[in-house]
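Here's the structure, in structure tokens; my notes come after.
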Amino acid sequence: MSPAENNSHSCIKNPVPGIPRHVAVIMDGNGRWAKNRGQSRIKGHRKGAESVHRIIRLCGDHGVEHLTLFAFSSENWKRPPREVKLLMELFISVLEKDIDALVENGVRLRIMGDLDRFGKRIGRLIKKAEMRTTCNDCMQLTIAANYGGRWDITQACQQLAEKARSGEIKPDEINEELLARHLVTAGIPDPDLFIRTGGEKRISNYLIWQLAYTELFFTDVLWPDFSKDDFAEALSWFASRERRFGKTSEQLKENKARKAGHA
Ligand code: IPE
Ligand code: IPE
Ligand code: MG
């Protein structure tokens with residue numbers, strides 16, 4: 001197995017005011033992009049891979065700490081076998097060919113989801129790719145593959161039930177924080193900004209626990225067309241949001257004024 005590699009990169013390490021620490025994306029619209037051009041759906045997925053490279057670079061440039069991309073949902077197995085096969089080939093090619101660029105740019109890669117279904121070859125490639133980038137600390141890229149939010153909550157419950165059965169924890173010790181630590185996203189802050197391209201206004205079983213207080217940005221732009229300007233628009237929309245987390249606007253203003261007074 002390849003050892004971890006870490007080039008010396010210059011990157012933004014601290015949270016940047018007004019910039020989301022964690023951006024989570026549903027990259028939707030590849031099929032329609034291709035159909036609009038009379039091309040096969042897989043052409044859309046290939047073109048979509050270019051937008052993946054673009055958003056990784058843009059997030060790094062802006063100081064986003066975590067980028068989580070939905071590449072393949074638990075439900076996407078229901079697609080025609082040919083499309084599933086081609087998507088798997090694309091996934092393998094990303095794992096084999098795109099890791100050098102991640103290493104060069106200080107990006108740590110993690111794949112999350114129910115990975116057993118992918119088989120041994122992809123399993124080995126995932127481990128190798130993750131290992132090569134494990135020391136990188138400019139940004140973490142998490143790819144959700146065979147991922148479903150309900151699956152994630154269910155597997156967390158199974159772990160907790162097992163711990164309760166063995167006496168490691170008491171059932172009444174289970175709280176939100178403990179459950180969150182058993183999700184596959186444990187250790188990653190909840191997304192601040194969610195982006196869905198392709199016009200649909202739904203979550204499609206993505207990060208359903210973690211998106212509880214996330215700002216949701218929907219755009220009609222199809223994923224292969226999602227440009228630097230579109231990302232800038234999402235960021236500027238995010239910066240204009242007042243995140244109240246249940247409080248009132250007045251309380252937030254008072255807190256801000258108090259903090260400014262102490263500074
Ligand atoms: C998203 O694009 C990519 C995956 C689900 C893998 P789609 O393939 O869903 O594109 P549309 O929604 O059919 O246009
Ligand atoms: C969500 O897109 C999954 C991914 C982008 C990987 P879909 O295109 O599968 O979502 P639905 O089926 O339209 O909700
Ligand atoms: Mg779709």
Side-chain angles (χ1 to χ4, degrees), residues 4 6 11-16 19-26 56 59 63-75 95 102 106-118 122-123 126-196 203-216 238 241 243-247:
N6 189 9
C11 59
I12 307 167
K13 292 246 173 62
N14 298 317
V16 182
I19 293 289
R21 279 185 74 190
H22 182 177
V23 176
V25 186
I26 295 186
I56 295 171
C59 283
V64 170
E65 291 170 50
H66 287 272
L67 171 64
T68 303
L69 302 175
F70 207 2
F72 193 85
S73 76
S74 339
E75 292 74 28
L95 290 171
L102 297 183
V107 179
R108 180 175 186 173
L109 175 71
R110 265 204 53 206
I111 312 289
M112 70 171 186
D114 187 0
L115 304 181
D116 292 342
R117 176 114 188 232
F118 287 122
I122 294 190
I126 289 174
K127 280 216 181 75
K128 190 174 163 190
E130 288 184 337
M131 188 81 92
R132 276 192 65 197
T133 64
T134 193
C135 293
N136 291 343
D137 59 0
C138 284
M139 184 176 90
Q140 178 165 315
L141 167 66
T142 305
I143 295 185
N146 194 22
Y147 175 85
R150 289 180 178 175
W151 164 80
D152 195 4
I153 294 169
T154 306
Q155 68 76 29
C157 290
Q158 282 172 352
Q159 288 186 59
L160 290 169
E162 190 52 51
K163 286 185 180 173
R165 196 179 62 87
S166 70
E168 195 183 325
I169 57 167
K170 295 196 189 78
D172 62 7
E173 283 170 8
I174 298 174
N175 55 23
E176 292 181 13
E177 193 258 332
L178 189 65
L179 196 142
R181 277 201 270 130
H182 289 78
L183 296 170
V184 285
T185 50
I188 302 177
D190 285 344
D192 302 293
L193 171 63
F194 161 93
I195 299 173
R196 181 174 188 143
I203 302 297
S204 299
N205 198 17
Y206 190 39
L207 299 171
I208 51 177
W209 170 282
Q210 298 84 344
L211 291 173
Y213 261 106
T214 303
E215 302 296 331
L216 307 177
F238 174 80
R241 310 310 304 154
R243 304 190 75 193
R244 292 192 284 275
F245 297 99
K247 295 184 179 171

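In this text the structure is predicted, and so the values were computed from the model without any measurement.
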Step-by-step salt bridge (charged side-chain N to carboxylate O under 4.0 Å, His left out) determination, Glu162 to Arg165
CA-CA 5 Å; Glu162 190 52 51; Arg165 196 179 62 87; 2.6 Å; yes

Heavy-atom donor-acceptor pair, Glu130 side chain to Ile111 backbone, under 3.5 Å
yes

Mark yes or no for whether Asn205, through its side chain, and Gly148, through its backbone, hold a donor-acceptor pair below 3.5 Å.
no

When you measure from the side chain of Ser74 to the backbone N and O of Tyr147, does any donor-acceptor pair fall under 3.5 Å?
yes

Can a donor-acceptor pair be found, under 3.5 Å and without considering hydrogens, that links the side chain of Gln155 to the backbone of His182?
yes

So Thr68 and Pro191, do their side chains get closer than 4.5 Å, heavy atoms only?
no

Please check this pair: side chain of Asn146 against backbone of Asp114, looking for a donor-acceptor N/O pair closer than 3.5 Å.
yes

Tell me if the CZ atom of Arg150 is crowded by more than 12 foreign heavy atoms within 6.0 Å.
no

I want to check something: taking the side chain as every heavy atom from C-beta on, are Trp209 and Leu179 in contact at a cut-off of under 4.5 Å?
yes

Could you label the plane-to-plane angle of the Phe70 and Tyr206 rings as parallel, tilted or perpendicular, counting under 30° as parallel and over 60° as perpendicular?
parallel

So, do Pro189 and Glu65 sit near enough that their side-chain heavy atoms are less than 4.5 Å apart?
no

Quiz question: by atom type and distance under 3.5 Å, do the side chains of Thr142 and His66 form a donor-acceptor pair?
no

Examine distances only and state if a side-chain atom of Asp192 and a backbone atom of Arg21 form a donor-acceptor pair shorter than 3.5 Å.
yes

